[in-house]
Amino acid sequence: FAAVFAGFFYIKYSRPVFKNDSTILIIPDPKKAQPELFQGPEGMFEINKDVPNEIGILQSYNIADQTICELGWNVSYFKNTKFLRQIELFKNVPFEVKIDSNYFQIVNTPIDIEILSPKEYKLSINADKIILYNYITNQYSIQRDFKYERTYKFGETVRINYSKFTIYMTNPMYSPKYVENYYFILERPSDITLRYMNSFEVNLLNKDASILKLSQRSSNPQKATEYL
């Protein structure tokens, strides 16, 4: 019974993972029309030489890094719901975090936001250690046993140790019936790139037409779609 209950609790309250798919057609280069052997699920078969090259390019670190940089995903937003479940938000967040890249930032650490009103919020951090990272120089340092709590106004500059950022209210009509709790996480671009690169798949869908199937897993389906 305990195992069944534990499984139910995990399924109901763990963060879901979504998988989105897309397809692209590889148009062969006439200068490279000679086919080559390709190992697929059904064995070896001949395909255009461009296909393995394109698969390698699509799965490369450089492409993933370029995509993440263009999307500007250095902040992830989450909402705490009942029974300890967290939901990743995307484009429907009532606030926005703007960092000052000239300063170190607290990365890979949840920064809790409790919205008190459309004008004020309470910010708190409780971590065994925090990583301070500079987005320009790529330098970082570690500080242990860090606790912080303070009430700010939206649009007011936040200065914590060596970090500096500002949180803006994006919805001036925001008026929840009860206090809502959120948190955000700042991440290093390389960490985001590796995470999306490792959850990205490219498979040959149609060997005759050189169609590739792209798949991306993410805790937010909108993010997966935009990445593709």
### Query
Can you name the side-chain hydrogen bond (donor to acceptor under 3.5 Å, both in side chains) partners of Y148, sequence neighbours left out?
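Once residues adjacent in sequence are excluded, the partners of Y148 under the side-chain hydrogen bond (donor to acceptor under 3.5 Å, both in side chains) criterion are Y152.
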
Residue pair [X] / [Y], side-chain heavy-atom distance below 4.5 Å:
X: I55; Y: L212; result: yes
X: I63; Y: I57; result: yes
X: L58; Y: L214; result: yes
X: Y182; Y: P94; result: yes
X: F78; Y: L89; result: no
X: T151; Y: L123; result: no
X: N74; Y: E187; result: no

Under the 3.5 angstrom rule, does the side chain of [X] hit a backbone N or O of [Y] as a donor-acceptor pair?
X: T170; Y: V93; value: yes
X: T109; Y: I106; value: no
X: Q105; Y: D100; value: yes
X: Y77; Y: N92; value: no

What's the separation between atom [atom1] in [X] and atom [atom2] in [Y], rounded to the nearest 0.5 Å?
X: I192; Y: I68; atom1: CD1; atom2: CD1; value: 6.0 Å
X: D112; Y: N126; atom1: CG; atom2: CG; value: 8.5 Å
X: D21; Y: Q216; atom1: CG; atom2: CD; value: 10.5 Å
X: T67; Y: M197; atom1: OG1; atom2: CE; value: 11.5 Å
X: I131; Y: I142; atom1: CD1; atom2: CD1; value: 5.5 Å
X: S163; Y: R159; atom1: OG; atom2: CZ; value: 10.0 Å

### Task
Identify whether V97 and I136 are in the same connected component of the hydrophobic contact network (ILVMFWY, side-chain heavy atoms under 4.5 Å).
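Different clusters: V97 never reaches I136 through Ile, Leu, Val, Met, Phe, Trp or Tyr contacts under 4.5 Å.
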
### Query
Are L194 and Y140 connected in a single hydrophobic cluster, I mean Ile/Leu/Val/Met/Phe/Trp/Tyr linked by side-chain heavy atoms less than 4.5 Å apart?
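No, separate clusters.
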
Check this for me, if you would: do [X] and [Y] make a salt bridge, where the nitrogen-to-carboxylate-oxygen distance has to be below 4.0 angstrom?
X: K147; Y: E149; result: no
X: D145; Y: K129; result: no
X: E226; Y: K91; result: yes
X: E156; Y: R150; result: yes

### Query
E114 and S124: side chain to side chain donor-acceptor pair (under 3.5 Å), yes or no, with the steps?
CA-CA 8 Å; E114 181 180 325; S124 58; over 6 Å; no

### Message
Between I115 and F95, does the side-chain contact (heavy atoms from CB on, under 4.5 Å) criterion hold? Intermediate values first, please.
### Response
CA-CA 9 Å; I115 298 180; F95 63 92; 4.1 Å; yes

Verify the ring-centre separation between [Y] and [X]: is it less than 6.0 angstrom?
X: Y135; Y: F104; answer: no
X: Y168; Y: F154; answer: no
X: Y196; Y: Y227; answer: yes

#### Entry: Any donor-acceptor N or O pair under 3.5 Å, side chains Q143, N161
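Looking only at side-chain atoms, N161 and Q143 do form a donor-acceptor pair, the distance falling under 3.5 Å.
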
#### Entry: Residues Q66 and E70: side-chain donor-acceptor under 3.5 angstrom
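Side chains of Q66 and E70: pair found under 3.5 Å.
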
### Message
Just checking Y61: does its OH atom have more than 12 heavy atoms from other residues, nucleotides or ligands closer to it than 6.0 angstrom?
### Response
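Atom OH in Y61 is crowded, with more than 12 foreign heavy atoms closer than 6.0 Å.
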
### Message
Tell me whether N198 at atom CG has more than 12 heavy atoms from other residues, nucleotides or ligands lying less than 6.0 Å away.
### Response
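Enclosed: over 12 neighbouring heavy atoms sit under 6.0 Å from CG of N198.
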
### Task
Would you check, one step at a time, whether the test side-chain contact (heavy atoms from CB on, under 4.5 Å) holds for L186 with I99?
CA-CA 9 Å; L186 298 173; I99 67 171; 3.8 Å; yes

### Task
Evaluate the side-chain contact (heavy atoms from CB on, under 4.5 Å) criterion for residues K153 and K119: first the C-alpha distance (whole Å), next the side-chain angles of each, then the deciding distance (0.1 Å), finally the verdict.
CA-CA 6 Å; K153 294 184 181 299; K119 295 183 179 181; 5.7 Å; no

### Query
Could you go step by step and tell me if E201 and R217 meet the side-chain contact (heavy atoms from CB on, under 4.5 Å) rule?
CA-CA 9 Å; E201 298 177 0; R217 297 187 305 276; 3.1 Å; yes

